[in-house]
Structures are given as C-alpha cells and as structure tokens.
Amino acid sequence: MVPSLHALSRRGGLRMMKSFPWPGALMPPTLPDTLDHETAWQALCRAREGATRSAAAVYRDGPLQLTASGWTSEIPASEEARELLDNLTPLAMHPGRLALAQLGQSLDGRIATESGHSHYINGPESLMHLHRLRALVDAVVVGAGTACEDDPLLTVRHVSGRQPVRVILDPRGRAPATLRLLREAQAPCLHLVGEQAAIATPEANHVTRLRLPLGPDGFAPAAVLEALAARGLERVLIEGGGITVSRFLEAGVLDRLHLLVAPLLIGSGRPGLAMSPIATLEQARRPAARTFRCGDDTLFDLDLTEADLSRP
C-alpha cells in the first residue's frame, strides 16, 4: 500500500510545504522577437470584430495596441507588418459606420479598355489588398454592370478573414440568374432591385432580394447605405465599377477612397472616376492622402471625412 501524503508527513518522510503557483503562471506569455505580417493581420481582423463594434478607443492584442489614429507595439515589427498596420488600422478601428470605396486603375486613369477588358490592370499584391478590404467590412457592393461583365465572386480567398455579404445594385433587374453571385453560396448575397423591376426568377437560398425606390439616376447612394445599415451592414466597401464609385463619391457619402494605380498606360478606354464638370481647380477636391506600395502598384488612401475638401 502506498502511504498517504498526510501519513508520510507525520512520520517525517515528507515535509509538507505551502503550495505556490508555478513560476510560469506568474509570468506573462513569452512574446516573439518580431511582430510578423500574418500576426499583424490577425490582430486587425480581431480588432475589426471587437473594438469597432463597441466603439472602444483602444484595442489591445498581445504586444499590439490599436487606436483609430494609429498603433504601437511592445516588440519590433517587420517592415511588412508596419506597412500593413499603417495602412489598415484606421479602417479596422473606425468607430461606427464606414463607407469605403476602391478602384484599380492605370496611370492615365483607366479601369478597362474600350471593350471592357480589365484582367488584370493591377498586380497580385493589389488583389490581396482588395481581399483584405473585403474581410474588414460587413458588405461589398458592385453595380449590375460590373456584376454582368466581370461575373465576380466578391469573396475573401487570398487572405484569411470573414466573408462579407455580397450586394448587387440592380435598379432595372437585369442581372441574370446565371451570375456566380446569384448561383454560388460561398457567402450571402443581397440583390437590390427597383420597386417596379420585373423579375421572374426566384432567388436561391443564399440570396435575399430587396426592393428600393428609384430616383432619376437609379438608387440614391445614401438610401443604399441606409438600407444596408438597417440590416446590420454598417461597414461597406463600394468595389465597382467606376460609375458606381463615382456616384457614391459625388453624393458625399464616402469616408475613404483607395485608389490602386498601376504603372501602365492604356491610352484609351473606360475612366475610373467620372464626375460632374468643374470650372476651376479651386473647386477640385483635395482630400488628405497617404501612399503605400502594393508590389509595383501605388495605393493612394484618401480621407474624405474632412469638413472642407475644396480648398487647396
């Protein structure tokens, strides 16, 4: 028989000692020597889920501290991690509703040739950036023209992250049921159509059809964002095409615009932004801008939230 600890202690065979936690339990987890790119991205994803929902001013994740105005780290960060955090922390930590747009274009401002060919103006790093933007929002929006011409999936595939709700702006109900957005259920799809649009095809299980009133130029951008917010989709990426992004920009409802410019001259073709004419450069918008490298492309991050964007 094995004697009990109490019996051993009475015979002097074991001296009972006060119990203390192991030293390791009193010490914080060991931090890595360097903050790498993927660790930074995972922290941004968690911040997007937690901090922005509660409008918290500060989000802490391991060695990182994130705020809407920037980030700090208790350990050195790699160059790639620093670029990523500088670029995307303002989006992940943006309090409340967010309306963001992005366009990929050539040096001369074209997003496609005259025939509509656009694969691919921008490089793989820009495509990865786009997928990161998708992962940081609740919904990604495209017009019916882009949906029909490009037949995109609008999913997060090139990075880890949550899938957004995919939204088609289709005032006249012309999007065919053969579109991958309406057929493939990798993520929910919200099909916005005009009140009078005649649509015979029933929606698939992953598709919700919502009718909105039409104005002279289709859906009002502010009305679209309100309809999405009413469904809990408060963080929205307007992904294309150029006409749709231009309408949201001109309506003054965007918080930020990401322009990805490729070192490419097309010379003709479809323009990226097309807005109402102005008479003088004093009327031009001059938003605060930051630039980042995306492989061979250059990302212009434009902050559209300042009160007066028309003065130099």
Side-chain angles (χ1 to χ4, degrees), residues 21-102 125-140 156 158-164 229 232-237 254-260 287-295 297-307:
W22 289 103
L26 302 177
M27 299 173 61
T30 303
L31 296 176
D33 295 331
T34 304
L35 182 72
D36 62 40
H37 185 268
E38 182 59 24
T39 301
W41 169 240
Q42 293 302 325
L44 288 167
C45 290
R46 288 188 290 269
R48 170 256 187 278
E49 294 292 343
T52 56
R53 294 306 185 195
S54 62
V58 178
Y59 178 80
R60 292 179 174 85
D61 191 299
L64 274 175
Q65 179 172 293
L66 308 178
T67 69
S69 59
W71 61 276
T72 58
S73 176
E74 297 173 7
I75 61 175
S78 68
E79 181 178 354
E80 293 82 3
R82 291 198 305 271
E83 283 275 317
L84 184 69
L85 290 165
D86 286 345
N87 185 351
L88 297 182
T89 296
L91 299 182
M93 293 297 297
H94 186 91
R97 290 167 58 170
L98 170 69
L100 162 73
Q102 80 84 38
E125 292 85 358
S126 291
L127 181 61
M128 185 174 292
H129 173 76
L130 172 59
H131 282 231
R132 292 193 193 281
L133 295 184
R134 292 176 183 174
L136 291 176
V137 297
D138 301 320
V140 55
V156 178
H158 294 285
V159 298
S160 59
R162 196 180 71 162
Q163 300 290 354
L233 307 174
E234 296 189 333
R235 300 169 60 85
V236 180
L237 169 64
L254 294 179
D255 298 301
R256 299 188 96 91
L257 172 62
H258 279 200
L259 285 178
L260 288 152
R290 304 185 303 158
T291 60
F292 299 91
R293 299 299 304 173
C294 273
D297 300 339
T298 301
L299 165 63
F300 290 83
D301 173 22
L302 307 180
D303 184 352
L304 305 173
T305 59
E306 295 185 6

For the atom pair CD (E125) and CG (L130), what is the distance rounded to the nearest 0.5 Å? 13.5 Å
Evaluate the side-chain proximity of Q65 to E74: yes if any heavy-atom separation is below 4.5 Å, no if none is. no
Value for CD1 (I75) from OG1 (T39), rounded to nearest 0.5 Å, stands at 8.0 Å
For the residue pair D36 and S78, confirm or rule out a side-chain donor-acceptor distance under 3.5 Å. no
What distance separates T72 OG1 from L64 CG, expressed to the nearest 0.5 Å? 7.5 Å
Output for pair (M128 CE, W41 CH2), nearest 0.5 Å, gives 10.5 Å
side-chain contact (heavy atoms from CB on, under 4.5 Å) partner of L66, chosen from D61, V58, L85: L85
State which residues pass side-chain hydrogen bond (donor to acceptor under 3.5 Å, both in side chains) with S73; sequence neighbours excluded, sorted by chain then number. none
Is there a side-chain contact between C294 and L260 in this structure, where contact means two heavy atoms from C-beta onward sitting under 4.5 Å apart? yes
Check side-chain hydrogen bond (donor to acceptor under 3.5 Å, both in side chains) between D301 and all other residues, then give those that pass, not counting sequence neighbours. R256, H258, R290
For the pair L133 and Q102, evaluate side-chain contact (heavy atoms from CB on, under 4.5 Å) and give the outcome as yes or no after the intermediate values. CA-CA 9 Å; L133 295 184; Q102 80 84 38; 4.1 Å; yes
R134 side-chain N/O to P164 backbone N/O, donor-acceptor pair under 3.5 Å: no
